[in-house]
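Structure, as structure tokens:
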Amino acid sequence: MIKKLLIANRGEIALRIHRACKEMGIATVAVHSTADSEAMHVRLADESVCIGPPAAAKSYLNIPAIVTACEITGADAVHPGYGFLSENANFAEILAAHKITFVGPSTEHIREMGDKIAAKQAMIAAGVPVVPGSPGAVSDADAAGIAASIGYPVLCKAAAGGGGRGMKVATDPGALAEALATARGEARSAFGDDAMYLEKYLGHPRHIEIQIMADAHGNVVHLGERDCSLQRRHQKILEESPSPALDDAARREIGRIVTKAMQKIGYLGAGTIEFLYEKGAFYFIEMNTRIQVEHPVTEMVTGIDLVREQIRVACGLPLSFRQEDVVLRGHAIECRINAEHPRTFIPSPGTIRNFHVPGGLGVRIDSAAYAGYRIPPYYDSMIGKLIVHGRDRHECLMRLGRALDEFVIDGVETTLDLHRALLEEPDFINGNYDIHWLETRLANS
Ligand code: ADP
């Protein structure tokens with residue numbers, strides 16, 4: 001069993017991991033940049049180590065500094081959270097070489113799923129339906145022929161893509177060369193890898209993802225879905241579980257397909273298999289080999305602590321539950337609260353003056369912010385998540401409304417008002433939205 005775990009992250013997810021460790025009797029080590037020395041994860045952890053200056057490349061992405069922090073503190077495991085080094089196979093390999101447990105899947109799976117072309121091929125081989133597209137990477141020369149065979153519109157996507165970058169739509173043959181070149185350029189500068197593939201661009205899908213957990217004893221369990229269709233620039237804003245668009249039969253069927261595929265590839269740990277869902281059909285787009293921002297909605301409807309299970313399976317322990325123990329109860333919605341202007345989405349770093357969070361039955365706040373906290377300008381703008389649970393979607397929406405009304409964050413702009421406005425939208429209230437709905441709504445208001 002792990003005795004001391006180093007949390008290679010910051011913000012709310014660092015706190016989330018700390019909390020799971022405390023409940024398991026595991027000591028925690030926080031790492032931080034010089035910009036985060038006052039941060040809540042540093043204050044709560046049993047020990048902390050400064051690993052570098054503010055720029056993430058020199059601190060939270062600094063592998064030698066993090067490995068050194070493990071050696072100094074005697075940490076025997078690392079949880080990478082999401083973002084930063086969470087999907088860096090090289091990091092996992094270096095930790096293994098130092099006999100430090102990486103809380104995550106095997107380096108082979110991180111590598112394979114990190115390359116979206118390889119991931120799609122692996123999923124096809126494992127019997128998972130995928131978005132129709134090019135069989136592999138495309139060159140500028142053969143793109144037009146392949147796009148014509150897929151049929152327009154097509155989406156040019158980066159093999160190394162993430163965070164919605166390196167993606168451009170071509171609506172017709174005349175637009176292909178430019179879309180491909182733009183996406184390629186973006187991918188080269190963002191990921192240092194400009195390999196591109198083509199996919200059929202689906203017009204009105206929902207984004208539905210399946211959470212799975214797997215242990216080293218051959219057990220793979222799925223924990224239902226999350227609907228993450230409310231997006232802006234391919235970035236999720238609000239997530240819910242269950243999806244208003246799925247019935248029990250569809251849920252069971254996709255759960256069965258995904259579980260079988262994960263068993264086939266021998267996956268370990270937490271994973272999310274992302275799909276687009278249109279006209280009753282699922283199309284795989286990518287797999288994330290880490291805990292996700294939106295994992296709390298799954299925890300609220302299943303009652304299962306996913307971070308705790310991640311740590312258990314990383315130690316070689318079996319999952320603490322079986323498929324038949326997973327019962328989806330009620331409905332949960334998560335709102336991402338970003339320090340951004342609610343209409344322009346321009347980041348708003350600064351000092352939070354007042355911070356009053358809602359409470360009461362079915363309300364959960366995952367945040368590392370507090371009154372007096374200075375949001376540094378160096379990292380992403382998410383300052384917290386409000387997660388609400390109700391016995392059904394209606395109760396959940398009512399509860400969300402009153403929780404948003406109670407929430408006070410002064411001193412910086414936040415997206416709280418965007419979420420409040422969503423609750424006035426009949427389409428959202430009725431669960432009637434696809435991945436384009438929010439952008440169209442914002443453009444028309
Ligand atoms: P990233 O890793 O950059 O987040 P994803 O492949 O997960 O990229 O896609 C992110 C979002 O982009 C999806 O949720 C969806 O909104 C949109 N998207 C991706 N592929 C397609 C497609 N083939 N057709 C339409 N939209 C897509």
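Counting starts at 1 for both ligands and their atoms, following the listed order. Residue numbers run from 1 in the order of the sequence given. Please read these numbers as outputs of a predicted model, since none were measured by experiment.
A ring-centre distance under 6.0 Å is found for Tyr60 and Tyr379.
Both cation-pi conditions hold for Arg393 and Phe428: the charged atom is under 6.0 angstrom from the six-membered ring centre and inside a 45 degree cone around its axis.
The aromatic rings of His109 and Tyr267 sit tilted, their planes meeting at an angle between 30° and 60°.
Selection from His207, Glu278, Gln231 by nearest heavy atom to atom 16 (O) of ligand 1 gives Gln231. Closest heavy-atom approach to atom 11 (C) of ligand 1 within the set Lys116, Gln235, His234: this belongs to His234.
The nearest protein atom to atom 9 (O) of ligand 1, hydrogens excluded, is given as Met167 CE, 3.7 Å; this is a heavy-atom distance. Shortest contact from atom 24 (N) of ligand 1 to any protein heavy atom: Leu202 N, 3.0 Å.
With a 4.0 Å heavy-atom cut-off, ligand 1 is reached by the backbone of Lys200 but not by any atom from C-beta on.
Using a 4.0 Å cut-off between charged side-chain N and carboxylate O, Glu239 and Lys385 make no salt bridge. Glu294 and Lys236 are joined by a salt bridge, as a carboxylate oxygen and a charged side-chain nitrogen come within less than 4.0 angstrom of each other.
When only interatomic distances are considered, the shortest N/O to N/O separation between Gly164 and ligand 1 falls below 3.5 Å. When only interatomic distances are considered, the shortest N/O to N/O separation between Ile435 and ligand 1 does not fall below 3.5 Å.
Residue pairs meeting the salt bridge (Lys or Arg N to Asp or Glu O under 4.0 Å) criterion with at least one partner in residues 255-272, sequence neighbours excluded, are Glu253-Arg256.
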